[in-house]
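Side chains included, hydrogens not; waters and symmetry mates left out as well; all remaining heavy atoms used.
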Amino acid sequence: MLDIKFIRDNAEAVRKAAVDKHIKCDVDRLIEVDKRRRELQVQLEVFRGQVKEDGQKIGLLRNPKSPWYVKAIADGKTEADIKAEAARVQAELAEIKPKIKQLEDEEGPVLEEFEQLMLLIPQPADPAAPLGKDDTENVEIRKVGEVPTFDFEPKDHVKLGTELGIIDIERGVKLSGSRNYILKGDGAMLHQAVLRLAQDMMVERGYVPMQVPVLVREEVMYGTGYFPTGRDQAYLCERDDKSLVGTAEVPLTAYHSDEILKESDLPIKMCAMSPCFRREAGAAGKDTYGLYRIHLFDKVEQVVICKNDIETSKAFHEEILANAEAVMQALELPYRVVNVCTGDLGMGQVLKYDIETWMPSRDSYGETHSASRFYEFQARRLKLRYRDGAKKVHYCHTLNNTVIASPRVLIPVLELYQNADGTVTIPTALRPYMGGRERIEGQ
RNA sequence: GGAGGAGUGGCCGAGCGGCUGAAGGCGACGGUCUUGAAAACCGUUAGGCGCGAAAGCGUCUCGGGGGUUCGAAUCCCUCCUCCUCCGCCA
């Protein structure tokens with residue numbers, strides 16, 4: 001969410017920012033509604049002030065023990081005078097009351113519309129984000145590692161995993177429908193190994209590991225920016241008005257929502273391993289093969305909450321990107337980093353770096369990580385604030401990035417580490433989590 | 001799931017229809033004192049929105065929402081959360 005004052009003063013820029021992001025919102029209507037909202041508030045406050053004042057007056061007029069009453073009598077007023085005065089004031093109030101009611105009746109829907117419109121205004125992208133319509137226009141920043149060539153016919157992860165008996169997509173689909181799978185034996189082990197490696201590396205880097213709820217209240221989804229626009233992507237538990245999260249970013253970022261932190265508490269660095277639920281609505285027919293686009297996966301996510309300073313935010317953005325790259329380097333996987341273009345940025349993101357890892361079966365780099373910078377966007381929605389040395393209250397800045405998401409990352413791991421005989425060499429960094437073994441050989 | 005009890009400022013805790021955005025205490029911050037510190041003493045210490053160039057002013061908020069009333073932290077309804085007991089269960 002943006003500051004309404006900022007929107008008022010920069011309407012043109014906000015409009016353009018939405019166009020760049022290919023997000024529809026109605027800035028003109030918002031400004032109109034905001035104007036009406038303020039007019040109503042001013043009128044209402046005058047009346048409310050009067051009600052308050054008159055109400056107190058009546059209290060005094062009706063209480064013979066009040067200092068005011070005693071003084072009035074001493075000044076020569078009669079009880080009848082005072083009673084008449086009380087009646088007069090009450091009559092005045094009786095006239096104001098319907099006016100307030102009328103204004104309030106108008107204000108209700110105005111406020112409602114104002115809030116709805118506000119939730120749809122996107123955060124303008126950083127000038128450093130390339131202008132573009134979709135992911136095809138993301139800009140490569142750097143490539144790390146060599147894309148290997150094979151001296152045999154390499155298998156894709158599904159064939160490889162199925163033959164090794166470590167991936168069972170057919171039965172996953174039998175149980176849960178399309179985009180579901182089962183990992184088995186060394187498949188399950190490998191999955192947990194990459195997650196453990198990622199988490200251990202983050203803890204080593206000073207991030208506090210958290211175990212968080214993945215079924216959250218609606219306001220948490222709104223607060224992090226996933227609702228209302230992303231509602232169709234979430235699994236809802238409507239009986240309880242809760243949603244399954246698509247990422248631990250949601251509970252981690254909302255952890256301090258509705259709080260005022262001390263500046264000395266910042267930065268807050270956290271990570272969490274959690275299941276992630278995604279409906280993938282609208283993706284029908286896209287990436288249907290294998291473990292790339294699935295409804296449930298596990299992920300270690302990193303979140304940073306820092307002070308409201310653009311340079312600080314930028315520095316942490318580089319840090320969380322570096323954290324993820326360190327994991328990819330530990331796994332010795334070839335990847336590239338791309339600067340995501342405006343059209344591919346979400347509602348709240350100012351700038352986003354994706355890490356894409358080489359996936360032989362796709363014959364291309366596929367997205368495995370997404371590092372986002374939000375400035376105040378989420379913090380405003382979440383009421384996530386801190387007090388500075390001068391006791392002034394500010395919204396925090398928030399950032400997040402994947403550390404590892406599995407089984408998607410198992411696609412490059414399996415495909416790149418496969419051998420001619422159909423076995424898979426276990427990356428050195430994962431061996432401690434795989435009983436020290438060097439290979440997956442299947443049954 | 002059933003039966004009770006409770007939700008007040010950073011924390012503890014008074015208030016139970018008007019002068020209470022809220023006593024008192026603790027904590028924190030500033031000051032006096034001190035070589036420094038402690039103690040003691042004095043002071044400051046909610047957020048949102050709006051108006052205003054600013055100083056400042058107004059209004060809303062005592063878990064959330066609604067109602068009664070001239071007037072509500074205080075009364076009523078409803079939802080949420082927590083606690084206790086019973087039941088069920090990993």
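- Between B:C26 and B:U35, the distance separating the two C1' atoms is 31 Å to the nearest Å.
- Within 4.0 Å of A:K52, counting heavy atoms only, lie sugar-phosphate atoms of the nucleic acid but no base atom.
- Using a 4.0 Å heavy-atom cutoff across all strands shown, A:R380 reaches no nucleic acid atom at all.
- Among the atoms of the strands shown, only primed sugar atoms or phosphate atoms (P, OP1, OP2) are found under 4.0 Å from some heavy atom of A:I260.
- Comparing the same atom, C1', in B:G43 and in B:G47 gives a spacing of 23 Å after rounding to whole Å.
- Per the geometry, CZ belonging to A:R62 stands 11 Å off C1' belonging to B:G18, to the nearest Å.
- Among the heavy atoms of the strands lying under 4.0 Å from A:L93 are primed sugar atoms or P, OP1, OP2 only; no base atom is included.
- Atom-to-atom, CG of A:L111 to P of B:G50 comes out at 11 Å; the value is rounded to the nearest Å.
- Contact check of residues 31-44 of chain A against RNA chain B (heavy atom, cut-off under 4.0 Å) returns A:R37, A:R38, A:Q41, A:V42.
- Between A:E107 atom CD and A:L111 atom CG the span is 4.5 Å, to the nearest 0.5 Å.
- Comparing the P positions of B:C80 and B:G87 gives a spacing of 25 Å, expressed to the nearest Å.
- No contact: A:K262 has no heavy atom under 4.0 Å from any strand.
- The separation between A:D3 atom CG and B:C49 atom P is 8 Å, rounded to whole Å.
- Residue whose closest nucleotide on RNA chain B sits further toward the 5' end, between A:N63 and A:R8: A:N63.
- The separation between A:E259 atom CD and B:G10 atom C1' is 11 Å, rounded to whole Å.
- Side-chain atoms of A:Q41 and A:E45 include a donor-acceptor pair closer than 3.5 Å.
- The same atom, C1', is picked in B:G21 and in B:U74; the two are 15 Å apart, to the nearest Å.
- Panel note: side chain A:H157, backbone A:L291; a donor-acceptor pair is recorded below 3.5 Å.
- A 6.0 Å sphere centred on CD of A:E318 holds more than 12 heavy atoms belonging to other residues, nucleotides or ligands.
- The separation of B:G63 from B:G9, taken at their C1' atoms, amounts to 14 Å, rounded to a whole angstrom.
- Using a 4.0 Å heavy-atom criterion, one finds that A:R88 contacts no nucleic acid atom at all.
- The pair A:E319-A:K269 meets the salt-bridge criterion, with a side-chain N (NZ, NE, NH1 or NH2) lying under 4.0 Å from an Asp/Glu carboxylate O.
- On the P atoms, B:G71 is 14 Å away from B:C19, given to the nearest whole Å.
- A salt bridge links A:D200 with A:R196: the closest approach of a Lys/Arg side-chain nitrogen to an acidic carboxylate oxygen falls below 4.0 angstrom.
- Rounding to the nearest 0.5 angstrom, the gap separating the OG1 atom in A:T402 from the CD atom in A:E367 is 7.5 Å.
- Between the CD1 atom in A:I166 and the CE atom in A:M189 there is a gap of 12.0 Å [rounded to 0.5 Å].
- In A:E53, the CD atom is not crowded: 12 or fewer heavy atoms of neighbouring residues, nucleotides or ligands sit closer than 6.0 Å.
- Helical stems in RNA chain B, defined as runs of 3 or more consecutive Watson-Crick or G-U wobble pairs with both donor-acceptor distances under 3.5 Å, are listed by first residue as B:1-7 with B:80-86, B:10-12 with B:24-26, B:27-32 with B:40-45, B:46-51 with B:56-61, B:63-67 with B:75-79.
- Distance, A:I96 CD1 to B:G71 C1': 13 Å, rounded to whole Å.
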